[in-house]
Amino acid sequence: MAGRPRGRPARQSARAEAEEGVVSEPRTLAIRVLPQPGESLDSWLEALARRSWTSLSALLDALGLPTEERTHYLLTGLPPEMFQRLKKQLNLRVRVLEQSAVPPALFGRRAPHWRFCPQCLNEGQGRFPTRWWLPWTFACTKHQVLLHRHCPSCHAEPRGFLPRSVHLHPPGRCMRRTGLRTVCGADLGELPALALPTGTLCCRPRISSTLSPSTNGWTPTEPSQKSTSAYHR
Ligand SMILES: [Zn+2]
Ligand SMILES: [Zn+2]
């Protein structure tokens with residue numbers, strides 16, 4: 001594994017040290033996949049796991065990140081200090097991850113849901129933007145189509161649960177588990193485009209300007225959302 005800490009298997013690294021009470025400086029790992037502008041944190045970590053030929057959960061373990069069942073925890077549940085450590089471990093530039101996660105206050109008590117554009121998945125080799133997790137994102141403005149929400153094969157939300165053995169499957173596939181060692185595997189990039197009713201996107205610019213990602217993270221423009229402005233800085 002290219003990004004694995006030297007001298008110790010990934011699954012025994014950060015977590016084992018924590019259990020043993022070892023306090024040490026976070027290792028700097030060599031990476032070959034950089035996050036794209038606006039890319040979702042789970043998308044980038046999955047791409048990194050694929051390139052490192054390891055499962056996503058093993059990579060998260062090696063980085064000392066939680067391996068929660070729900071995927072959206074990576075976007076909404078990581079405390080700022082964990083982000084800082086991640087940037088140090090992966091030797092990333094300042095603010096390069098600010099648009100990869102979402103303030104949990106945006107969702108209130110509702111769990112985030114992932115939607116996707118098949119064409120974008122194909123063009124991006126399975127990688128996708130953070131905005132696909134946002135509650136108000138329902139269409140792809142690039143391809144002028146509605147986003148899909150469910151896998152056509154297992155009829156479930158493809159990223160509801162943390163994908164595991166991503167290195168064993170091509171990108172852009174539904175990684176929903178169907179058994180102990182099996183996943184759905186449907187090619188989400190093959191789904192037909194969902195036609196967008198005429199005029200559907202007319203109000204989107206106004207919605208986007210209410211809360212938009214910036215180089216400093218997510219910047220609210222309305223007083224009611226000021227509580228999220230200090231997130232991930
Ligand atoms: Zn698209
Ligand atoms: Zn599926």
Side-chain angles (χ1 to χ4, degrees), residues 2-3 31-57 59-60 63 65 71-76 86-87 90 92-93 95-102 112-154 156-176 183-196 200-201 204 208 212-215 217-218:
I31 60 168
R32 297 174 180 172
V33 181
L34 288 173
Q36 299 169 349
E39 183 176 11
S40 180
L41 184 61
D42 61 318
S43 168
W44 169 57
L45 289 173
E46 182 175 325
L48 184 55
R50 288 181 191 281
R51 185 67 65 88
S52 305
W53 191 247
T54 188
S55 69
L56 179 56
S57 45
L59 176 69
L60 296 177
L63 294 172
L65 297 175
T71 307
H72 68 72
Y73 187 81
L74 279 176
L75 284 92
T76 62
L86 183 62
K87 283 191 271 191
L90 299 177
L92 297 173
R93 294 195 311 272
R95 293 176 178 169
V96 75
L97 284 180
E98 306 311 306
Q99 298 173 25
S100 65
V102 187
H113 295 288
W114 185 74
R115 295 176 176 83
F116 63 98
C117 166
Q119 280 180 270
C120 283
L121 274 183
N122 277 332
E123 294 169 7
Q125 283 81 50
R127 298 171 73 171
F128 54 86
T130 309
R131 63 176 179 274
W132 284 2
W133 283 101
L134 299 177
W136 57 77
T137 301
F138 60 89
C140 171
T141 53
K142 179 181 179 183
H143 296 110
Q144 297 286 305
V145 295
L146 289 173
L147 300 182
H148 287 265
R149 180 167 167 180
H150 296 110
C151 166
S153 180
C154 66
E157 198 174 308
R159 299 192 72 81
F161 295 94
L162 192 75
R164 303 286 175 177
S165 54
V166 294
H167 59 309
L168 301 180
H169 304 272
R173 303 299 173 103
C174 174
M175 293 295 295
R176 190 96 177 190
V183 299
C184 169
D187 188 351
L188 301 177
E190 285 192 343
L191 265 69
L194 293 176
L196 189 66
T200 305
L201 295 181
R204 192 178 182 282
S208 298
S212 304
S214 68
T215 53
W218 293 83

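The structure displayed is predicted, hence computed values, not measured ones.
- Using modelled atom types, one side-chain atom of Arg50 and one backbone atom of Val166 make a donor-acceptor pair closer than 3.5 Å.
- A distance of 12.5 Å separates CZ of Arg159 from NE2 of His72, quoted to the nearest 0.5 Å.
- Within the 4.5 Å cutoff, side-chain heavy atoms of Leu60 are placed close to those of Leu162.
- A heavy-atom distance below 4.5 Å is not found between the side chains of Leu59 and Leu65.
- In this structure, the separation between CG on Asp42 and CG on Leu56 is 8.0 Å, given to the nearest 0.5 Å.
- Scanning all heavy atoms of the two residues, the minimum distance from Arg176 to Phe161 falls at NH2-CE1, 3.2 Å.
- When all heavy atoms of Glu39 and Phe128 are compared, the closest pair comes out as CG-O, 3.4 Å.
- A pairwise comparison of heavy atoms in Gly172 and Asp187 identifies O-OD1, 3.8 Å as the closest pair.
- In plain terms, the two heavy atoms of Asn122 and Gly189 that are nearest each other are ND2-O, 2.8 Å.
- For the atom pair NE2 of His113 and OG1 of Thr137, the computed distance is 13.5 Å after rounding to the nearest 0.5 Å.
- A distance of 4.5 Å separates CH2 in Trp132 from CG in Leu121, rounded to the nearest 0.5 Å.
- Minimum interatomic distance between Leu196 and Val145 (heavy atoms only, all atoms of both residues): CB-CA, 4.1 Å.
- How far CZ of Arg127 is from CH2 of Trp44: 9.0 Å, rounded to the nearest 0.5 Å.
- Residues Leu45 and Leu63 are in side-chain contact: their nearest non-hydrogen atoms beyond the backbone lie under 4.5 Å apart.
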Derivation and outcome, side-chain contact (heavy atoms from CB on, under 4.5 Å), residues Leu134 and Trp114: CA-CA 8 Å; Leu134 299 177; Trp114 185 74; over 6 Å; no
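- Atoms CH2 and OG, from Trp133 and Ser40 in turn, are 6.5 Å apart once rounded to the nearest 0.5 Å.
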Residue pair Leu41, Leu86: steps toward the side-chain contact (heavy atoms from CB on, under 4.5 Å) verdict: CA-CA 11 Å; Leu41 184 61; Leu86 183 62; 4.2 Å; yes
Residues Leu147, Cys140; criterion side-chain contact (heavy atoms from CB on, under 4.5 Å); working and verdict: CA-CA 6 Å; Leu147 300 182; Cys140 171; 3.9 Å; yes
side-chain contact (heavy atoms from CB on, under 4.5 Å), that's the test. Do Ser52 and His167 meet it? Break it down for me. CA-CA 8 Å; Ser52 305; His167 59 309; over 6 Å; no
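- The shortest heavy-atom contact between Ala195 and Leu146 is O-CD1, 3.5 Å.
- By the 4.5 Å heavy-atom criterion applied to side chains, Pro112 and Thr76 are counted as neighbours.
- Thr130 contributes a side-chain N or O that, together with a main-chain N or O of Gln99, makes up a donor-acceptor pair within less than 3.5 Å.
- For the pairing with Leu188, the side chain to side chain contact (heavy atoms under 4.5 Å, CB included) check across Ser153, Cys117, Pro158, Pro171 returns one residue only, Pro158.
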